[in-house]
Enquirer: 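Please find one structure pasted underneath; my questions will follow.
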Protein chains: 2
Amino acid sequence: MEPDAITSLKIPGSVVRRLPRYLTQAQHLRQEGVEWVSSLSLAETLGLTSSTVRQDLSHIDFQGVSKRGYSTAGLEGALARTLGVDHDITCVLVGAGNLGRALALHDEFGRQGFKIVGVFDSAPAVVGKKVGRFTVQGMTELAGVVREQKVEIGIISVPHEAAQPVADQLITAGVRGLLNLTTAHLLVPAEASVVDARVLASLRELAYGVKRR
Amino acid sequence: MEPDAITSLKIPGSVVRRLPRYLTQAQHLRQEGVEWVSSLSLAETLGLTSSTVRQDLSHIDFQGVSKRGYSTAGLEGALARTLGVDHDITCVLVGAGNLGRALALHDEFGRQGFKIVGVFDSAPAVVGKKVGRFTVQGMTELAGVVREQKVEIGIISVPHEAAQPVADQLITAGVRGLLNLTTAHLLVPAEASVVDARVLASLRELAYGVKRR
DNA sequence: ACAAAAATGTTAAAATTTTAACGTTAAACA
DNA sequence: TGTTTAACGTTAAAATTTTAACATTTTTGT
């Protein structure tokens with residue numbers, strides 16, 4: 001099945017960053033038994049305009065229906081396909097500190113298709129310890145696991161000084177995307193992707209928000 | 001000391017979202033003993049243009065020096081003041097699941113001035129349990145703690161269906177900013193701020209990134 | 001003391017993103 | 001069966017954001 005020439009060509013970053021929110025809404029609504037949703041209602045619950053919603057959804061391979069809106073199930077499926085989350089994605093997690101362990105234990109990601117297949121850490125004191133169903137492995141085993149299990153995404157939750165070397169190791173081993181939970185800025189080759197989770201940055205952004213009133 | 005009329009008037013959101021990254025860089029550089037940094041060098045390490053960096057920093061109350069650039073210490077201080085992170089900010093955390101517990105245990109936030117003063121959960125089985133130095137409290141105690149300790153920020157890491165009611169309770173109790181770790185979209189009065197941590201959304205954004213190549 | 005040059009702050013243009021406007025489609029109902 | 005109308009998809013305008021260009025400043029070196 002050939003992907004649609006227009007819709008698959010390249011979705012602007014501003015739009016890609018909103019697609020996950022539409023997906024979440026579509027999921028929630030469908031789970032609540034709602035079958036149809038309009039651009040206006042999506043806009044209101046997400047704090048956008050209906051124009052933006054329609055403009056955004058025009059980038060995915062899915063059509064609304066006049067007078068009804070969008071089928072929540074159809075929208076959910078189309079968004080999942082567009083984002084590439086309509087199938088499981090294998091991940092490894094590097095850095096078994098508090099944050100890393102929490103993510104490994106947080107089954108919601110697994111339910112959403114992000115399957116962690118290994119947890120790694122460089123500290124000998126941590127290697128061998130259990131984190132939920134995982135046994136923490138040493139960094140020497142990382143490349144092998146990535147190759148054997150065709151791991152696509154690496155989640156980095158190490159101290160920020162260690163982040164770049166870990167990123168390099170992951171990319172060299174064959175991972176194509178990095179979720180960066182550190183405050184470091186990661187440099188990767190053009191064919192790889194990085195998304196920063198920005199947890200501390202979000203808190204700081206919030207500090208600015210609460211200050212000015 | 002009157003805040004500068006121009007610089008404090010309102011910094012565009014696009015800029016505010018980058019200020020924490022400059023702050024992080026300035027901190028890292030100063031800790032490494034680097035005293036000066038240019039807009040070009042900042043731009044290169046953050047993946048921006050030097051123009052954007054200079055434009056962004058023109059919003060804060062701080063001047064660079066011709067031929068030298070920006071003093072890392074000065075920049076760090078000015079950014080911290082602009083964002084409002086030059087003093088401690090009290091936070092409470094609601095939802096002592098895996099993610100919540102990890103954040104409570106992650107001392108980096110505390111070192112950066114975000115002081116958690118209480119951890120709350122609605123599940124009777126969890127209330128009374130220890131999370132690091134905290135004893136999980138019931139929701140009935142939330143309002144009292146927020147008022148007595150003048151808590152400014154609430155961190156929400158509950159199941160998404162519970163997020164809005166928890167947000168309402170926090171706002172009613174007097175919190176002025178919310179860090180939302182759930183996938184719910186939170187509605188709050190105009191005088192309050194919400195920042196979404198977008199962890200799952202980031203993974204999904206990454207899925208799109210790894211798909212298209 | 002003067003000239004050269006590196007890097008800022010600022011102005012203005014370019015690019016992108018968001019919003020509004022509106023023609024079109026198809027469901028609902030008389 | 002025809003009319004009404006809600007809501008889409010699309011075009012174009014408005015607003016915002018990013019980038020380029022350059023005049024200005026100030027350090028450095030001769």
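Below, chains carry the letters A, B, ... as their sequence lines are ordered, and counting in each starts from 1. Owing to the predicted nature of the structure, the values given are computational and were not obtained by experimental measurement.
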Enquirer: So which pairs with a foot in residues 106-123 of chain A pass salt bridge (charged side-chain N to carboxylate O under 4.0 Å, His left out), sequence neighbours left out?
Expert: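 Salt bridge (charged side-chain N to carboxylate O under 4.0 Å, His left out) check on residues 106-123 of chain A returns D107(A)-R111(A), E108(A)-R111(A).
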Enquirer: So, using ring pair (Phe, Tyr, Trp, His ring centres under 6.0 Å) as the criterion, who are the partners of H160(A) when residues are at least two apart?
Expert: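 Scan of H160(A) (ring pair (Phe, Tyr, Trp, His ring centres under 6.0 Å), adjacent residues dropped) gives H28(B).
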Enquirer: Nearest whole Å is fine: how far is dG9(C) C1' from L40(B) CG?
Expert: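 L40(B) atom CG is separated from dG9(C) atom C1' by 16 Å.
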Enquirer: Scan T52(B) against the nucleic acid and name what it touches under 4.0 Å (heavy atoms): base, sugar-phosphate only, or nothing.
Expert: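 Result for T52(B) = base.
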Enquirer: Please identify the 5'-most and 3'-most nucleotides of DNA chain D with any atom under 4.0 angstrom from a heavy atom of chain B.
Expert: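 Range of nucleotides touched by chain B: dT17(D) to dT28(D).
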Enquirer: Looking for any heavy atom pair under 4.0 Å, which part of the strands does Q63(B) touch: base, sugar-phosphate only, or nothing?
Expert: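 Sugar-phosphate, no base atom in range.
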Enquirer: Indicate every side-chain donor-acceptor pair of residues 63-70 of chain A with a distance under 3.5 Å to a residue at least two apart or in another chain.
Expert:
none

Enquirer: So what does R17(B) touch, heavy atoms closer than 4.0 Å: a base, only the sugar-phosphate, or nothing?
Expert: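 It contacts nothing in the nucleic acid.
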Enquirer: Looking only at the side chains, is there a donor atom on one of T24(B) and R204(A) sitting less than 3.5 Å from an acceptor on the other?
Expert: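 There is such a pair between these side chains.
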Enquirer: Name every donor-acceptor pair, under 3.5 Å, that has one atom in a side chain of residues 163-175 of chain B and the other anywhere in the protein, sequence neighbours excluded.
Expert:
from: Q164(B); atom 1: OE1; to: L187(B); atom 2: N; distance (Å): 2.9
from: Q164(B); atom 1: NE2; to: D168(B); atom 2: OD1; distance (Å): 2.8
from: Q164(B); atom 1: NE2; to: L187(B); atom 2: O; distance (Å): 3.0
from: T172(B); atom 1: OG1; to: D168(B); atom 2: O; distance (Å): 2.8

Enquirer: Can you list every pair that meets salt bridge (charged side-chain N to carboxylate O under 4.0 Å, His left out) and has a residue in residues 18-35 of chain A, with sequence neighbours left out?
Expert: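 Output for this query lists R18(A)-D56(A), R30(A)-E76(A).
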Enquirer: To the nearest 0.5 Å, what is the distance between CD on Q25(B) and CG on L79(B)?
Expert: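 With rounding to 0.5 Å, CD (Q25(B)) is 11.5 Å from CG (L79(B)).
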Enquirer: Enumerate the residue pairs fulfilling salt bridge (charged side-chain N to carboxylate O under 4.0 Å, His left out) with a member in residues 152-162 of chain B, sequence neighbours excluded, ordered by first and then second residue.
Expert: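 Of all non-adjacent pairs touching residues 152-162 of chain B, those that pass salt bridge (charged side-chain N to carboxylate O under 4.0 Å, His left out) are E152(B)-R176(B).
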Enquirer: Given axes from five pairs at either end, by how many degrees does the helix from dA1(C)-dT30(D) to dA30(C)-dT1(D) bend, rounded to 10°?
Expert: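 The end-segment axes of the helix from dA1(C)-dT30(D) to dA30(C)-dT1(D) are tilted 20° relative to each other.
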Enquirer: For residues 36-50 of chain A, which residue pairs pass the side chain to side chain donor-acceptor pair (under 3.5 Å) check, not counting sequence neighbours?
Expert: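 Every pair satisfying side chain to side chain donor-acceptor pair (under 3.5 Å) with a residue in residues 36-50 of chain A: S39(A)-R54(A), T49(A)-T52(A), S50(A)-R54(A).
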Enquirer: Using atom names, set out every protein N or O paired with an N or O of nucleotides 3-7 of chain C below 3.5 Å, distance rounded to 0.1 Å.
Expert:
from: dA7(C); atom 1: O4'; to: K67(B); atom 2: N; distance (Å): 3.2

Enquirer: Quick test of your reading: applying side chain to side chain donor-acceptor pair (under 3.5 Å), list the pairs with at least one residue in residues 88-100 of chain A, sequence neighbours left out, ordered by first then second residue.
Expert: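 Every pair satisfying side chain to side chain donor-acceptor pair (under 3.5 Å) with a residue in residues 88-100 of chain A: N98(A)-R101(A).
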Enquirer: Rounded to whole Å, how long is the line connecting atom CD of E35(A) with atom P of dA27(C)?
Expert: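 My rounded result for the distance is 15 Å.
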Enquirer: With a 4.0 Å cut-off on heavy atoms, is T49(B) in touch with a base, just the backbone sugar-phosphate, or nothing at all?
Expert: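 Sugar-phosphate, backbone atoms only, no base.
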Enquirer: Is there any ring-ring contact (aromatic ring centres under 6.0 Å, His included) pair reaching into residues 171-191 of chain A, and which pairs are they, with sequence neighbours excluded?
Expert: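 For residues 171-191 of chain A: none.
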Enquirer: DNA chain C: S50(B) or D56(A), which has the more 5' nearest nucleotide?
Expert: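 Nearest nucleotide further toward 5': that of S50(B).
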Enquirer: Can you tell me the distance, in whole Å, between the OH atom of Y22(B) and the P atom of dT8(C)?
Expert: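 That distance rounds to 12 Å.
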